[in-house]
Amino acid sequence: MTKNLVIVESPAKARTIEKYLGKDFTVKSCNGHVRDLPKKDISIDLKNNYEPNYVILVEKKAIVQELKKYAKESEKVWLATDEDREGEAISWHLVEALNLDKNKICRISFNEITKSAVLKAIQLPREINRNLVDAQQARRVLDRIVGYQLSPLLWKKIKPALSAGRVQSVAVRIIVEREEEIKKFDTKYNFRVLCNFFKTDDNLKNTFLGELSHRFSNKEEAKAFLSECINFEFFVKDIEKKPTYRSPSAPFTTSSLQQESSRKLGFAVSKTMLIAQQLYETGKITYMRTDSVNLSDLAIKMCQKVIQSRFGDKYLCTRKYVTKSKGAQEAHEAIRPTEFQNQEIEGTKEQKNLYNLIWKRTIASQMSNAEIEKTQVSVNSPNPSFNFLVKGEVVKFDGFLRVYVESMDDAEDENGKDNKLLPDFKLNEKLNYHDIAAIQKYSQPPARYTEASLVKSLEEKGIGRPSTYAPTISTIQKRGYVVCESRKGSERSITKISLINNELKESEKEEIYGTEKNKLFPTDLGIIVNQFLSDYFQNIIDYQFTANIEDEFDEIAQGKIEWRKMIDVFYKKFHPQVEKSAGDSKKYSGERLLGVDPSCRKNVYVKVGKYGPVVQIGETNDPEKPKFASLLNLYSLDEINLEQAIELFSFPRSIGKLDGVEVIVNVGPYGPYVKKEKSFYQIPKNINPLKINLEQAKDIIEKKEFKGTGVVKEFEKNKDLAIRRGRFGIYIKYKNENYKVPKDLDPDNVTLEECIAIIDDPNSKSKGRRRKGKR
DNA sequence: CAGTGAGCGAGCTTCCGCTTGACTT
């Protein structure tokens, strides 16, 4: 036992710091908050000055016991939780939960984990900042009140087990509103004119693209312009050269890492965080939940050394980045490698890729600007007010581009890409062209959000924290407010008029538009929940709401206002809204009358029912009960028509016979299924139960029947290896070890070599085994 | 586990932010 106990928030941090502090210090981790409001009810005494009822979290009881024991035996307890609002509160809760002797405690903090920072912190102990703790209590209490008073309203008005909250409800609103914008979007088009020029003295006829500075609003105008181009003499009217530069992006924060890893590696937000956590725990990167772009001096020095030795002094440029994002608390460094000399690491493919991304981004952030020369050549046209513009870009010095280029959310327009390298032009030089084309171009509606771009939007609005971005994205999907999906686009025709060899030609071609890959769409339920909240609680889902209360939390932190007073002002306004909406008997179901069923002459409605979106034929209050049928994810509430609605009542239907037995398709409480004899087989999401044929049904049945446990496949060449099926699905057994396989592994087509590759991937080794080995 | 949806009422659901753990063939 040592004289000093240091408590930090995470075990990985504890391990590192223990090395810095030497044998007089024991460093332990409390693993985040140890006390909180219990889940079962609101646990805030609304009639008694908002007194919170904190309890020790069940999962932290063992840790609290252990810390108590250490604290008792130590002369001093150093509370080294993070240097932000939550960190301060964690320290205070530790004092309360561990019942610490006030004379024993020292509060210290450091926002980078380096030996010098830690040793310096030890020299500067202070008291717990009660104002900051109170700001956290206000935040906690407000979130609990909003969440636990809004959610029950949704259970009553819409359906059970729904939720609402300060953060998630805004996230849903963003998605719903974007969808509305897209729906409202009025697609227009115009004609852009592109010309492939070449120099008259160039026999190879290397072409470069020029675009007319004007777009024509219709085909006739475009055609008229093109015919004027016949036999027209083009020449270079103006040449403009502009030196410019590009600077590297700041090192990663949680949010920017999630965005880049989504764009460059295709990771979902949760996957990025999972892998980053693995890198953090194995000591390869710094802490991954941060809003800071700051690098420690030590990190900058290490970074410079690598840049100098690999690229030379010319590539070096020391930069200090400043956080722009709202409400940033900067308790940590930016996300960076711990050792810059390692560009590559050992690990799984995913770990390697994510690490490499972080390495490049951090290194690039300390490198020189890229110097670029932009050229714009103007070429005359038959209409004196328009010119063809040929744009070029040459990188004169690559600088940070040598290592890293940030990607953009919006894909570049392939026609609009600048010519990278242009030949030398002379003023008034005559130019020939190969062809000129006027192409119909439709305007683009705003883009749907990806998980990562939603995080970006939340961060910009100051809503949510690095530790909650990923969970929030998953909550709104779990509640069924939002789905992340890929959807097929539609076709439309584009008109192209081209001028080749002085001849005008008009052609049509089909273009696919609106294809979406892994984008967020609101569900009917999400739309209705949002409707309810905007009818009664506009102020809560207002984008400014969080920003405004953050200002008040800041005032609490500065000791200017008392936290209970702030909550009281809020609650006095909020609670009447709750009462008012609870009093209105109106249910929110999104009900819509589609028309009359021709066969029974009753009204056909669609709405969101207790079990999801349904079609209803007949009136709710009729003595004869109405009939119901699920929408089955095939249609949305506002798109389904009468005919489609009635077709949903065609179940159960027979689709033919297999082995002489009738096969029935039907919809049950667990979704659409195929039934053969007494067995049920779920129809997968990608098959439309209205259109399923016997062949597909047979497939589904055989796949399920194939199940059972035991060996699925063996290889002649290596009897040690077998593909087996267990309780949790397919896995590989090799000698006495079990290995996880990719979800999409098809045992029929896999080769021995592929199996061996899986075994070699450290990711697939069974965790149970590894733990046993460690003990 | 395989066709619920009225209305009544029991008892359940729910927030945001800090952190990892765990017995998976």
Side-chain angles (χ1 to χ4, degrees), chain A residues 8-13 29-37 39-43 57 59-60 62-63 81-82 84-87 89-90 93 136 139-155 159-169 277 281 287 289 331 463-469 471-472 475 479 546 589 607-612 614-616 619-623 625-630 649 651-652 664 666-675 678-682 709 724-733 738-740 766-769 771-772:
Chain A
V8 296
E9 286 183 41
S10 99
K13 205 167 167 178
S29 154
C30 66
N31 295 12
H33 276 293
V34 294
R35 292 205 315 176
D36 191 18
L37 303 169
K39 273 175 69 153
K40 62 173 197 315
D41 56 28
I42 196 162
S43 302
L57 291 162
E59 68 269 28
K60 300 292 165 58
I63 291 176
T81 54
D82 294 347
D84 59 11
R85 198 160 69 203
E86 296 296 328
I90 290 173
H93 279 300
Q136 192 273 348
R139 200 278 306 152
R140 181 69 191 95
V141 166
L142 184 131
D143 280 338
R144 174 51 72 93
I145 291 175
V146 170
Y148 272 48
Q149 295 204 343
L150 285 187
S151 301
L153 286 173
L154 300 182
W155 308 340
K159 65 178 213 175
L162 298 180
S163 66
R166 175 176 59 81
V167 173
Q168 60 170 286
S169 296
Q277 176 91 30
E281 280 173 6
Y287 197 59
R289 290 185 279 262
I463 296 169
R465 304 279 312 132
S467 68
T468 60
Y469 295 138
T472 301
T475 299
R479 298 276 177 271
T546 293
S589 68
K607 64 178 191 182
V608 171
K610 222 155 91 186
Y611 307 103
V614 283
V615 187
Q616 174 182 330
E619 306 302 319
T620 307
N621 297 322
D622 257 11
K625 272 192 183 176
K627 288 190 292 178
F628 294 92
S630 163
F649 288 86
F651 299 111
I664 309 285
N666 201 359
V667 179
Y670 312 101
Y673 62 87
V674 174
K675 188 180 174 191
K678 279 185 182 156
S679 306
F680 297 86
Y681 307 90
Q682 224 164 63
T709 51
R724 301 173 63 98
R725 190 191 299 275
R727 272 199 298 144
F728 303 97
I730 302 275
Y731 67 98
I732 294 175
K733 191 180 167 89
N738 295 325
Y739 299 87
K740 211 163 53 179
S766 148
K767 283 182 187 156
R769 286 275 164 204
R771 198 171 302 120
K772 247 184 206 166

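A note on names: the letters A, B, ... follow the listed sequences, proteins ahead of strands, and every chain is numbered from 1. Fair warning: this is a prediction, and the values are worked out from it, not measured in the lab.
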Atom [atom1] of [X] and atom [atom2] of [N]: how far apart are they, to the nearest Å?
X        : N      : atom1 : atom2 : result
A/Lys13  : B/dC18 : NZ    : P     : 12 Å
A/Gln682 : B/dG3  : CD    : P     : 14 Å
A/Glu86  : B/dT20 : CD    : P     : 15 Å
A/His33  : B/dC18 : NE2   : C1'   : 5 Å
A/Arg35  : B/dC18 : CZ    : P     : 18 Å
A/Phe628 : B/dT4  : CZ    : P     : 10 Å
A/Ile90  : B/dT20 : CD1   : P     : 11 Å
A/Ile63  : B/dC18 : CD1   : C1'   : 12 Å

Residues that A/Phe649 engages under ring-ring contact (aromatic ring centres under 6.0 Å, His included), provided they are two or more places apart: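 By the ring-ring contact (aromatic ring centres under 6.0 Å, His included) rule, A/Phe649 matches no residue at all.
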Pairing residues for A/Tyr287 by the ring-ring contact (aromatic ring centres under 6.0 Å, His included) criterion, not counting sequence neighbours: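 Here the qualifying residues are A/Tyr280, A/His332.
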Applying a 4.0 Å non-hydrogen cut-off, can you work out what [X] is touching in the nucleic acid: base, sugar-phosphate, or nothing?
X        : value
A/Phe649 : nothing
A/Asn666 : base
A/Lys675 : nothing
A/Pro11  : sugar-phosphate
A/Gln136 : nothing

Under 4.0 Å protein heavy-atom contacts per nucleotide of nucleotides 10-16 of chain B, with B for base, S for backbone only and - for none: ---BBBB
Each stem that DNA chain B is part of, given as range with range (3 or more consecutive Watson-Crick or G-U pairs, under 3.5 Å): none
Counting only side-chain nitrogens and oxygens, does [X] get under 4.0 Å of the OP1 or OP2 atom of [N]?
X        : N      : value
A/Thr81  : B/dC18 : no
A/Gln616 : B/dG5  : no
A/Ser10  : B/dT19 : no
A/Tyr287 : B/dT19 : yes

Using every non-hydrogen atom in the two residues, find where [X] and [Y] come nearest and quote the distance to one decimal.
X        : Y        : result
A/Ser151 : A/Ser163 : OG-CA, 3.5 Å
A/Thr81  : A/Ile90  : CG2-CG2, 3.6 Å
A/Val614 : A/Phe628 : CG2-CD2, 4.2 Å
A/Lys607 : A/Thr620 : NZ-OG1, 4.4 Å

Any residue meeting side-chain contact (heavy atoms from CB on, under 4.5 Å) with A/Tyr673, in chain and number order, not counting sequence neighbours: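 Listed in chain order: A/Asn666, A/Lys675, A/Phe680.
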Partners meeting salt bridge (Lys or Arg N to Asp or Glu O under 4.0 Å) with A/Arg140 (sequence neighbours left out):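 Partners of A/Arg140 by the salt bridge (Lys or Arg N to Asp or Glu O under 4.0 Å) criterion, ordered by chain and then number, come out as A/Asp36.
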Close side-chain approach of A/Ser43 to A/Arg144, heavy-atom, < 4.5 Å: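 Side chain of A/Ser43 against side chain of A/Arg144, heavy atoms only: contact under 4.5 Å found.
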Side chain to side chain, A/His33 and A/Glu86, heavy atoms closer than 4.5 Å: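 They are in contact (side-chain heavy atoms under 4.5 Å apart), so the answer is yes.
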Side chain of A/Phe680 - closest among B/dT20, B/dT19, B/dA2: B/dA2
Residue A/Tyr673, side-chain atoms from C-beta onward, closest of B/dA6, B/dA2, B/dC18: B/dA2
